[in-house]
Each structure stands twice: as structure tokens, then as C-alpha cells.
Amino acid sequence: MIQKWTRSFTTFLLLSFAVSCTEKKEDNNALLAGLLLFAANQVKVSSATDLVNESADDYNQNNWGLITGSTLNRFVSDWTANKPSHITGNLIILQTDVANRATGDGTSWSPYVKSDASKGVYVYELNDYRTGFRFNQTRDSGLFSNSVAYQANGEFIDDWLNTFGINPTKDLIVFAVGTGNGATVAAAPAPATAAGGVQDITRGVYWLRYWGVDIKHLAILNGNLRSNFSQTYTAQTSGSKSTLPGKGNFSVKSIRVDNTIITSGLEDIYEIAKNNLEAQIPGLTTKQFLIDARPTLQFTKAATGAGGGAGSYITTGFDSAGAPVAWGTTGDVNVAGTAGKTYIPFEGNIKGAVSFPWLALFEGFTDAGAVSTSDADAFAIGYRYKSKAALKAIFANKGYTAGTTVVSQCRTNFEAQVNGFAALNILGYPSTYYDGSLVEWTSLVAAHDTDSTINQVPADYKWRTDLATVSTFTGYNPQHTQAGTAGAAIKRVKPAPVNLTATTTKKFIQEDKAYKN
């Protein structure tokens, strides 16, 4: 509708200008200047298809999107000579962590890619901005507020860019996993621990694209630095990173592109589920392919709630993180700092979703998401994406057909980043992501059978999700009230609070659209 209005108004101005050419020639220059200024200030609204980027079959040929260690080496060794022709600025490398974090690494390899300010190469850690910030923010969707995290807002994106001195219209931004998430890992860490860094860097690309940054200014390294760069290109590594520059003054307001289509609200997903993956959503193709990126067990296992132990539940709630833990053990604390993890009201999946485990896309894992040989072997590979041909075959085997929009989701839209990046930026399939994912979706229940206080919506509520018409659920999570490490009692099943008067589930997206106007 906005695009149609823009075209109509521009046509009106052009006609007015044409008339003025014959009636008021002395005003022509002023009117033309005004027309050009108006046209220059318009925000182009993208569709999902507009955002596709298909990788070369040989990843070594990519200069953006998914790049290899050899390409990064070429850039770092002589950025001035080897920068892509469309890049006029710096090379900004953002590491999740250091590249020698595994037990026994010691000083065997240098922790950072080598920076060189004289040639425009800068290397930072993501936590140099703010420890733990991973591109999301608790915001108001209209339906949920102060609970579920969504895309971080305009003030955040501008502050983040300016902290690192990035101009995303000139620079090339390369995200890379160092070794993996968290503290020092074992020589054979659990895949979800060390591979989790790939979720962070793909979410970084997702966030920047949402705010209008062209994919040709964004890249991720295929596989971690530890196994795919530092051990091979030792001359291009260093024991130190760059010092943060003085704050810049760039604003994404100057990028006159609206890519918010990449993020879907609950109301969009509701229509997709209700209409059997053929919803009429503006900006999407008429058919959708809904992905659930969680491990297979989380997709299929039924809730039990027996005894309130660690195995009672499957999916942690909006104010908790990680896998379920036994009550009273170390770590049994939610992100709000209160005792005991919380869990979603019901288990299962959104109707029509296919089980598509995120680890299945990496070398060293089967197409079902299991480790091919051992955790150690997978770690040694460093969690590289499989070949383009292999990824294409996996998507086809899962049921993807050409011209369909991929819709990725999981528990909190982090695991789904791995699948969505492959779809959008390697295979070139139109894609969007459900930002609220299951911690949001499962909160809209009306028939919980063990604790009526969990039921937040009336039976006829327009976005009720515990219905067979929109969800395939394996059972409600039974309520248990037990003590955590702090000794306080807490109800284990806890939905995100709902605003029943909401008229939209995309308030934060509307705010972000307005930020550029």
C-alpha cells in the first residue's frame, strides 16, 4: 500500500511538473529540486524475494555472504589490493570469542585475526560493545511486552555501528566464531555448546539486513577461526585485537530501504498455520515452507511433568535459557535471577512445520542432525556449512519446492538463524523468520489442564494457539511448584504475559519502520 501511494504521489508530482513547464517556467527549477528531494527520501520496501542472495557453488568464490578462510586470508593479507570492487571502506572483523579457547590450546595459536589500521583492517570481539548483547532486545509487540526478545531497535543499531566505527554502506563486515560460546571448552565439546556461536553470527547478519544493510556488505566465515583460519594462516593472526575507535555518527536512517519483511509477527505465522502454508501475506510468496530448527527430540517428545525433575519438560520458557535442569542443582536459575527455570505451557510445534535440526546443515553431522562420528571430529571441522549441493538436497528432502518462502523458527529464533542463513544467503530462497518463536507462540493457551492460571486467553481468542487448527501439540506441560537454588518456590510452567487488547503483534516492527521516516 505504501509503495502504491508512493508511486501515485510521484506520478502526481511529475504531472504537476509537466504542467508547470508550460505555465510557470520560472518555478521549474524549484519544483524539480523538490521532486528530486522527495524521490531521494523515499524508503524502498523490500519483499522477501528482493532479499535473496545465492552463493557460488564454490564458496571460495564468494566475497560476501558465506566466505572461506582462504578468502579471509586474501582480504587480511592485503585489503587495499584485494577488497571487492563495490567496497570503498574498511574491513571490520567481529569475533564471537578468541580462536584458542579449547583445553590445551594455550598459546599454540593466536586468538585473533591480524588487524592493520594502516590498511583499513580492524578486529574486535562482539562483547567489546556490550557483554552478552546478541542483537535482540525485550520489546513491545503489542501482544507481548517486557518479556519476549525481538529485533533490537534503531537506537541500538546506530549505537552498535558507531561503537565499532562501522559505515555499512562502505565497509565489509565479517562475523566469525573464534572457538565457540562460553568459557574454555573441552577438546571434544558438546556440539550445541561450541557450534552455538554460529547462531550468534548468523543472527548478526539477520539483524543488519533487517535494518537495510545490503548483503554485499556482510559476510560470515564458514566454520570457526580455530579450525578454519588460525591454524592454517598463522601469519595473519595476532595476540591482540583493535582498540575501539571514537564514536561515529552513522545512522541507518540514511539507508532508505525497509527490509523488515525478513521478520514475521505472530499474526503472520498464525495465518500461515491456519491456511495450511498458503497464506496471503504481503511481501511473501503465496506458499510457505515452515521450519522448526530445534533438535528432533524437542520436536517430537511429549511432555510428562512427572516428579518435576529435569526430564519432565522439554522447552524452557521466555525468561529462562538453555536445556532443562534438575531442581535445586547449580544453574537452576532463570535469566531474571529468580530461583528455578520456567517452561512453556505446551510442547509440540506449529502446524505444518517440518523438523529441520540446525546441526544437520554442518559438516560432521548427518542430515538428521546427529554427529557423524564423534564430537571431537565435529569440533575439529569447526562447524562449517555443508556444500551448496548438499544443502539444496537437504531442503528438497524436507519438502522445499521452488518459489516457496522459507519461514524459520525454533524456541527463541537463534537455532533458526542457521537454517535461515542457509536458505536466504546460500541457496537464494526467499526467507523470513518468526522472531518470537515458540516461547511466544505457546503462551496463548485457553485449556491448560493442571493450572487454570496458565490460561491467559478466552476460548474464542483470535490468536489462541492451543488448537489443532494451528498447532500440533504433544501435551500440556503439567504445573509443578518447587524450590530452586535460592530456596524460593516458583511455578515451573510460566507463559509470557499477554495483552488481550492488542490489535497487532508487530508493534515493534511498526516502530522500526517509523524510525527511518
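Side-chain atoms are counted along with the backbone in the values below, which use heavy atoms only and exclude waters and symmetry mates.
- For the 3.5 Å distance criterion, the side chains of N136 and R203 fail to qualify, holding no donor opposite an acceptor.
- Taking 4.5 Å as the limit, some side-chain heavy atom of T404 sits within range of a side-chain heavy atom of Y400.
- A heavy-atom distance below 4.5 Å is found between the side chains of L161 and L208.
- Residues K44 and R256 form no side-chain contact, since every pair of their non-hydrogen atoms from C-beta on lies 4.5 Å or further apart.
- Here the side chains of V457 and K462 are not in contact, with every heavy-atom distance at 4.5 Å or above.
- Under the 3.5 Å distance criterion, with hydrogens and angles disregarded, a donor-acceptor pair is assigned to the side chains of E267 and T505.
- A distance of 5.0 Å separates CG of N349 from OG1 of T472, quoted to the nearest 0.5 Å.
- The closest side-chain donor-acceptor pair between T432 and S264 falls under 3.5 angstrom.
- Of the N and O atoms on the side chains of N259 and S46, at least one donor lies less than 3.5 Å from an acceptor on the other residue.
- The environment of NZ in K398 is crowded: more than 12 heavy-atom neighbours from other residues, nucleotides or ligands sit within 6.0 Å.
- Counting only distance, with no hydrogens or angles, the side chain of S147 and the backbone of P497 share no donor-acceptor pair below 3.5 Å.
- Rounding to the nearest 0.5 angstrom, the gap separating the CZ atom in F346 from the OG1 atom in T442 is 5.5 Å.
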Audit row: K506, D268, salt bridge (charged side-chain N to carboxylate O under 4.0 Å, His left out) steps and yes/no
CA-CA 9 Å; K506 299 192 286 188; D268 298 325; 3.1 Å; yes
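- Side chain of D214 to main chain of H217: no donor-acceptor pair is present (N/O by atom type, distance under 3.5 Å, no hydrogens or angles).
- The backbone N or O of G403 lies less than 3.5 Å from no partner atom in the side chain of K287, so there is not a single donor-acceptor pair.
- For the atom pair CZ of F250 and CD1 of I166, the computed distance is 10.5 Å after rounding to the nearest 0.5 Å.
- Exactly one residue among I454, I344, L467, V498 makes a side chain to side chain contact (heavy atoms under 4.5 Å, CB included) with V445. That residue is I454.
- Between the side chains of S452 and N455, no donor-acceptor pair is found at a separation under 3.5 Å.
- Going from atom OH of Y343 over to atom CG of N477 covers 9.5 Å, rounded to the nearest 0.5 Å.
- No side-chain heavy atom of I262 sits less than 4.5 Å from a side-chain heavy atom of W211.
- No side-chain heavy atom of E278 sits under 4.5 Å from any side-chain heavy atom of T286.
- If you run ring-ring contact (aromatic ring centres under 6.0 Å, His included) between W207 and each of F133, Y150, F156, only F133 comes through.
- Contact between A353 and D292 at its shortest, heavy atoms only, is CB-CB, 4.3 Å.
- Nearest heavy-atom pair, T300 versus T474, reported as atom, atom and distance to 0.1 Å: O-CG2, 3.8 Å.
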Does the pair K513 and D258 meet the rule for a salt bridge (charged side-chain N to carboxylate O under 4.0 Å, His left out), with working shown?
CA-CA 7 Å; K513 286 175 175 288; D258 178 346; 2.7 Å; yes
Quick one, F379 with T179, criterion side chain to side chain contact (heavy atoms under 4.5 Å, CB included). Give me CA distance, side-chain angles, the key distance, then yes/no.
CA-CA 9 Å; F379 182 51; T179 301; 3.7 Å; yes
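- Between G348 and L438, the closest heavy-atom pair is O-CD1, 4.4 Å.
- Checked by atom type and distance alone, the side chain of E440 never pairs as donor or acceptor with a backbone atom of A496 at under 3.5 Å.
- Y434 contributes no side-chain N or O that, together with a main-chain N or O of C410, makes up a donor-acceptor pair within less than 3.5 Å.
- At a cut-off of 3.5 Å, with distance as the only test, a side-chain donor of S251 or D158 sits close to an acceptor on the other residue.
- For the ring-ring contact (aromatic ring centres under 6.0 Å, His included) test with Y385, the passing option among F365, W358, F362 is F362; the others fail.
- One side chain, E347 or T315, offers a donor N or O that lies under 3.5 Å from an acceptor on the other.
- With H448 contributing its side chain and Q456 its backbone, the two residues share no donor-acceptor pair below 3.5 Å.
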Yes or no on side chain to side chain contact (heavy atoms under 4.5 Å, CB included) for T342 and Y313, after CA distance, side-chain angles and deciding distance?
CA-CA 9 Å; T342 60; Y313 305 119; over 6 Å; no
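- Side-chain atoms of Q288 and N275, non-hydrogen and from C-beta on, never get closer than 4.5 Å to each other.
- Y461 and W463 have perpendicular rings, their planes meeting at more than 60° on a 0 to 90° scale where under 30° would count as parallel.
- Remark: side-chain polar atoms of Q409 are paired, donor with acceptor, to backbone N or O of I291 under 3.5 angstrom.
- A donor-acceptor pair under 3.5 Å links the side-chain atoms of T450 to the main chain of Q479, judged by distance alone.
- Within the 3.5 Å criterion, the main-chain N or O of F414 finds no donor-acceptor partner in the side chain of R134.
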V493 vs D451, test: side chain to side chain contact (heavy atoms under 4.5 Å, CB included). Steps then yes/no.
CA-CA 9 Å; V493 178; D451 185 349; over 6 Å; no
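- For the residue pair S443 and P345, the shortest heavy atom distance occurs at CA-CG, 4.3 Å.
- With F135 as reference, L126 is the one residue of L126, I201, V205 to meet the side chain to side chain contact (heavy atoms under 4.5 Å, CB included) rule.
- Contact record, A273 with I350: CB-CG2, 3.8 Å, taken as the closest heavy-atom pair.
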Step by step, would you call K247 with T163 a side chain to side chain contact (heavy atoms under 4.5 Å, CB included)?
CA-CA 5 Å; K247 276 288 186 77; T163 295; 2.9 Å; yes
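- The closest side-chain heavy-atom distance from V52 to L424 is below 4.5 Å.
- In this structure, F395 has its ring center under 6.0 Å from that of F356.
- Rounding to the nearest 0.5 Å gives a distance of 8.0 Å between CG of D512 and CD of Q151.
- Using a distance-only test at 3.5 Å, with no hydrogens or angles considered, a donor-acceptor pair links the side chain of T285 to the main chain of T405.
- Using modelled atom types and a 3.5 Å distance limit, the side chains of Y206 and D435 yield a donor-acceptor pair.
- Minimum heavy-atom separation, L359 to A195: CD2-CB, 4.0 Å.
- For the atom pair CD1 of I261 and OG of S47, the computed distance is 7.5 Å after rounding to the nearest 0.5 Å.
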